[in-house]
Amino acid sequence: MENIIEVKHLTYRYQADDPRPALNDVSFTVHAGEWLAIVGHNGSGKSTLAKSLDGLLPFTTGEITVGGIQLTPETVWQVREKIGMIFQNPDNQFVGATVEDDVAFGLENRQMPRTEMLPRVKAAIARVGMSEFAQREPSSLSGGQKQRVALAGIVAIAPDVLILDEATSMLDPQGRREMLALVRELRQTQHLTVISITHDIDEATIADRVLVIDDGQLVDEAAPATIFAQGERLVELGLDLPFTEKLKAALRQRGIEPPADYQGAAEMEEWLWQSLSNT
């Protein structure tokens, strides 16, 4: 499978004399079109990694290649053309006085002709369900609406890679579900590669592959089912357990032995129905 991102031996220190680097010899690849989740406890280095991929942090040693372009001070803007990023707090990335102005900002920076830009902005806002708010100030919107506006800005510039840096952590459960459903749809229709930086284990279960970061080091890499079947090791790494694993623990306390392998919500629901129908 083609790699759209390659990271080799990446190391980063916030201060040159820091005894422990924020990232320590991290290497991995991202396949074109996949959804990759990067999980870790708070302070593990996952957000530092996200910002390094976009050239926002000057890594100390190592190499990052995005879409065949090696990230250097000279190529950083070429790399950023290929990546869209949504942060935890969308207020930190709003620059326009209205939703429409904000979505247009990235296209204006790319010097797109106005005749081409206006219909693209309108289409992007419609795509995320925010047409009726086009003339509203972004600061007046709800958290979920703000993230939709941030996503519309990404839709407008049509990058190859979308990085979600804890983008759902400030949303309520309904807003989180809606945001992730929208990202899944856009991934399919715009052929996006998605990198989700999160400590929400249930969010990571929808990924194709999961990387686990602990204290700046990559400690595991596998499919979600393999990672989340590890149970107590996740707790030792400062992570929560997926809901279905918590449910299994509760069932065992009641003398019911659930499947040993990892089960998603739909699989667990099916197993419960079969178990109940046989009793």
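As the structure is a prediction and not an experimental result, all values here were calculated from the model. Heads up: numbering here begins at 1 and tracks the sequence.
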For a 4.5 angstrom cut-off between non-hydrogen side-chain atoms, does Gln217 reach Ile213? no
For Ile125 and Ala134, work out which heavy atoms get closest and say how close. CD1-CB, 4.4 Å
Applying a strict under-4.5 Å side-chain criterion to I, L, V, M, F, W and Y, I'd like to know whether Leu151 and Val161 cluster together. no
Donor-acceptor under 3.5 Å (Arg252 side chain, Glu257 main chain): no
Pairwise side-chain contact, Arg184 with Trp35, heavy-atom cut-off 4.5 Å (strictly under): yes
Start with the C-alpha distance between Arg177 and Gln174, add both sets of side-chain angles, then the distance that settles side chain to side chain donor-acceptor pair (under 3.5 Å), and finish with yes or no. CA-CA 5 Å; Arg177 286 192 296 270; Gln174 178 64 24; 2.7 Å; yes
Would you indicate whether the side-chain heavy atoms of Ile38 and Ile195 approach each other to under 4.5 Å? yes
Nearest atoms (heavy-atom pairs only) where Leu23 meets Gly45: CD2-O, 3.4 Å
Residue pair Ser169 / Arg176, side-chain donor-acceptor N/O under 3.5 Å: no
Measure from the side-chain N and O atoms of Asn89 to the backbone N and O of Asp91, and report whether any donor-acceptor pair falls under 3.5 Å. yes
Could you tell me whether the side chain of Leu53 reaches within less than 4.5 Å of the side chain of Ile5, counting heavy atoms only? yes
Taking 4.0 angstrom as the limit, do Glu100 and Lys122 come out as a salt bridge? no
Distance-only polar pair, side chains of Tyr14 and Thr48, donor-acceptor under 3.5 Å: yes
Donor-acceptor pair between Glu166 and His199 side chains, under 3.5 angstrom: yes
State whether the side chain of Asn24 and the backbone N or O of Gly216 hold a donor-acceptor pair below 3.5 Å, judged by distance alone. no
Does Gln145 reach the main-chain N or O of Ser142 with its side chain, forming a donor-acceptor pair under 3.5 Å? yes
Is a side-chain donor-acceptor pair under 3.5 Å present for Thr168 with Glu203? yes
Side chain of Thr72, backbone of Thr75: donor and acceptor closer than 3.5 Å? yes
Using modelled atom types and a 3.5 Å cut-off, is there a donor and acceptor pairing between side-chain atoms of Arg13 and backbone atoms of Asp18? yes
Take a 6.0 Å sphere around CZ of Phe105 and say whether it holds more than 12 heavy atoms from other residues, nucleotides or ligands. no
Using a distance-only test with no angle check, is there a side-chain donor-acceptor pair under 3.5 angstrom linking Ser140 and Glu137? no
Backbone of Glu6 reached by a side-chain donor or acceptor of Asn3 within 3.5 Å: no
Under 3.5 Å, side chain of Lys46 to main-chain N/O of His41, donor-acceptor pair present? yes
Cut-off 3.5 Å, side chains only: do Thr11 and Asp25 have a donor facing an acceptor? no
For the pair Asp160 (side chain) and Lys82 (backbone), establish whether a donor and an acceptor sit closer than 3.5 Å, ignoring hydrogens and angles. no
Tell me if a side-chain donor or acceptor on Arg136 pairs with a main-chain N or O of Thr98 at a distance below 3.5 Å. no
Considering all heavy atoms, the nearest Arg233-Gln230 contact: NH1-OE1, 2.7 Å
